[in-house]
Amino acid sequence: MTDNTHIPGKSTLSIWGGEQEHELYERSTQVPVVHSVSFAYKDIDTWHKVALEEEPGHIYSRNTNPTVRAFEDKVKELESAEAATSFSSGMAAISNIFGTFLRPGDRVVSIKDSYGGTNKIFTEFLPPLNVDVTLCNTIEYEEIEAEVAKGCTMLYLETPTNPTVKIIDIKRLAAAAKKVGALVVVDNTFATPINQNPLLLGADLVLHSASKYLGGHADALGGVACGNKDLIKMVYHYREINGATLSPMDAYSFIRGMKTLSLRVQRQNQSAMTIATWLNNHPAVDHVNYPGLESHPHHDVAKAQMKGYGGMLSFSVKGGLDAIKTFLPKLKYAHMAANLGCVETVVGPPVTTSHVECTAEERAKAGIPEGLVRYSTGIEDVEDLLADLEQALSYL
């Protein structure tokens with residue numbers, strides 16, 4: 001007798017998710033790249049029914065596309081969501097969610113040290129549209145709950161945060177938001193669906209910059225949002241009209257990259273923990289931010305809501321930004337680049353990565369020191385990464 005209650009694991013879903021329910025093309029075992037802009041029909045009635053979503057199919061690739069749909073379905077399954085829709089970039093995902101649900105007179109409550117691009121939307125683009133934005137101290141839960149209790153349309157969270165790697169209690173704050181009927185949105189880019197599933201903790205929508213861990217190879221640009229069918233239908237409609245569409249080739253790159261997502265993330269979890277522990281004892285390092293360390297102020301929250309602590313860490317070195325300018329170029333096994341989550345280790349300070357759009361004053365206000373290093377752990381042999389850090393730090 002077949003057990004239909006079995007729930008597949010993340011590695012299995014990374015490989016098979018989104019690929020079993022749709023028609024195969026010429027018996028191919030891999031999802032094909034469908035570059036067609038439009039899709040033809042032999043009769044008007046069928047065409048019209050597909051256009052009205054009364055029958056399955058595709059009309060125009062700005063709206064839907066077979067390759068893109070397969071990517072969306074894979075992420076949907078990994079996040080335990082009812083539906084998903086994709087975008088041309090991670091920031092497009094964030095912008096489209098704001099555009100879908102926020103109107104003049106609405107209020108958003110969020111945190112101070114979110115990703116720099118998100119912060120710019122909060123401080124520069126939403127206020128002129130008469131959307132009130134309140135940014136709270138990131139780990140001051142009582143402050144956040146008090147602001148939410150005043151009434152808001154949306155509670156927007158990011159955990160772990162970029163680049164300070166702070167951890168936010170999703171379940172606690174989502175419960176506060178539900179009391180006032182606020183929509184809870186969580187950026188899950190750093191954690192990935194392997195380490196954390198915000199929808200299961202009370203979030204309404206979860207989003208990713210797919211350019212990071214989902215793709216994993218720094219060769220495709222895109223974003224994705226997941227949630228229940230009604231919310232995603234609204235987000236999809238806004239996106240299809242505004243046109244921030246994911247390309248089929250990028251969708252294929254994400255599908256291919258995600259087949260090793262679980263393996264990559266598990267390796268990165270292990271290596272980041274080893275590196276964070278090593279850095280924590282290095283004389284040239286002032287402070288290490290990594291939720292896997294028991295010394296991390298939010299370790300208990302991370303332990304409760306995450307399955308792994310992630311591949312991202314950040315640390316401050318003695319000497320600040322000048323010291324960073326000396327030692328980062330000495331690294332042999334790390335790209336100095338504005339990216340993260342890929343198979344190669346990637347490093348850089350917030351001044352050139354996550355918060356390049358912000359002024360030094362804005363970074364300081366968000367609690368981000370100029371001498372911080374954001375370290376995205378790759379899948380290299382961890383012994384080589386440690387030796388590389390040792391020789392580079394020796395120049396300080």
Side-chain angles (χ1 to χ4, degrees), residues 17-18 68-69 71-103 106-111 114-115 117-119 121-122 126 131 133 144 148 152-162 168-214 222-242 244-246 254 305-306:
V68 174
R69 177 192 57 193
F71 161 65
E72 294 168 344
D73 286 349
K74 190 180 290 291
V75 181
K76 173 190 75 175
E77 294 190 33
L78 283 165
E79 283 288 12
S80 301
E82 289 182 357
T85 193
S86 58
F87 310 87
S88 54
S89 69
M91 283 309 302
I94 294 170
S95 299
N96 276 252
I97 285 175
F98 291 154
T100 301
F101 296 107
L102 298 178
R103 297 291 180 269
D106 286 345
R107 181 168 183 260
V108 180
V109 174
S110 190
I111 56 176
S114 59
Y115 170 64
T118 309
N119 185 268
I121 294 178
F122 286 146
L126 288 181
V131 173
V133 179
I144 299 171
V148 169
C152 62
T153 309
M154 180 185 294
L155 172 64
Y156 184 94
L157 304 174
E158 178 184 305
T159 182
T161 59
N162 181 4
I168 299 169
D169 191 331
I170 298 172
K171 185 178 290 186
R172 174 176 173 174
L173 295 181
K178 298 300 181 186
K179 292 179 181 178
V180 297
L183 193 70
V184 180
V185 182
V186 178
D187 184 338
N188 201 34
T189 298
F190 265 29
T192 82
I194 306 302
N195 287 329
Q196 181 174 269
N197 298 114
L199 297 176
L200 302 181
L201 297 169
D204 297 300
L205 290 168
V206 56
L207 58 87
H208 293 268
S209 172
S211 321
K212 310 303 190 295
Y213 283 101
L214 297 188
V224 63
C226 306
N228 70 44
K229 291 180 179 179
D230 292 337
L231 291 176
I232 292 300
K233 186 175 183 179
M234 295 169 68
V235 179
Y236 160 74
H237 180 59
Y238 186 91
R239 193 270 298 157
E240 70 165 333
I241 300 303
N242 284 275
T245 305
L246 179 66
F254 293 142
Q305 74 183 21
M306 300 179 75

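These numbers come from a predicted model, not from an experiment.
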Can you name the salt bridge (charged side-chain N to carboxylate O under 4.0 Å, His left out) partners of [X], sequence neighbours left out?
{"X": "Asp73", "answer": "Lys76"}
{"X": "Asp204", "answer": "Lys178"}
{"X": "Lys212", "answer": "none"}

Heavy-atom donor-acceptor pair, [X] side chain to [Y] backbone, under 3.5 Å:
{"X": "Asn197", "Y": "Leu78", "result": "yes"}
{"X": "Glu77", "Y": "Gly18", "result": "yes"}
{"X": "Lys171", "Y": "Leu201", "result": "no"}
{"X": "Thr189", "Y": "Ser209", "result": "yes"}
{"X": "Glu79", "Y": "Val206", "result": "no"}
{"X": "Asn188", "Y": "Ala191", "result": "no"}

Do [X] and [Y] have side chains that get closer than 4.5 Å, going by heavy atoms?
{"X": "Thr161", "Y": "Asp187", "value": "no"}
{"X": "Asn195", "Y": "Phe190", "value": "no"}
{"X": "Asp106", "Y": "Met154", "value": "no"}
{"X": "Val235", "Y": "Phe87", "value": "yes"}

Worksheet item: How far apart are the C-alpha atoms of Tyr213 and His208, what are their side-chain angles, what is the distance that settles it, and do they pass the side chain to side chain contact (heavy atoms under 4.5 Å, CB included) test?
Response: CA-CA 9 Å; Tyr213 283 101; His208 293 268; over 6 Å; no

Item to complete: Can you sort out the partners of Ser211 under side-chain hydrogen bond (donor to acceptor under 3.5 Å, both in side chains), two or more places apart, ordered by chain and number?
Response: none

Item to complete: Before giving the answer on side chain to side chain contact (heavy atoms under 4.5 Å, CB included), spell out for Glu82 and Leu231 the whole-Å C-alpha distance, their side-chain angles and the decisive distance to 0.1 Å.
Response: CA-CA 10 Å; Glu82 289 182 357; Leu231 291 176; over 6 Å; no

Worksheet item: Restricting to pairs with a member in residues 226-235, which pass salt bridge (Lys or Arg N to Asp or Glu O under 4.0 Å), not counting sequence neighbours?
Response: none

Discussion item. List the residues meeting side-chain contact (heavy atoms from CB on, under 4.5 Å) with Phe122, not counting sequence neighbours, and say none if there are none.
Written reply: Phe98, Val108, Ser110, Ser114, Thr118, Leu126, Val133, Leu135, Tyr156

Worksheet item: Could you go step by step and tell me if Leu173 and Val184 meet the side chain to side chain contact (heavy atoms under 4.5 Å, CB included) rule?
Response: CA-CA 9 Å; Leu173 295 181; Val184 180; over 6 Å; no

Practice prompt. Show your reasoning for whether side chain to side chain contact (heavy atoms under 4.5 Å, CB included) applies to Leu246 and Glu72.
Written response: CA-CA 10 Å; Leu246 179 66; Glu72 294 168 344; over 6 Å; no

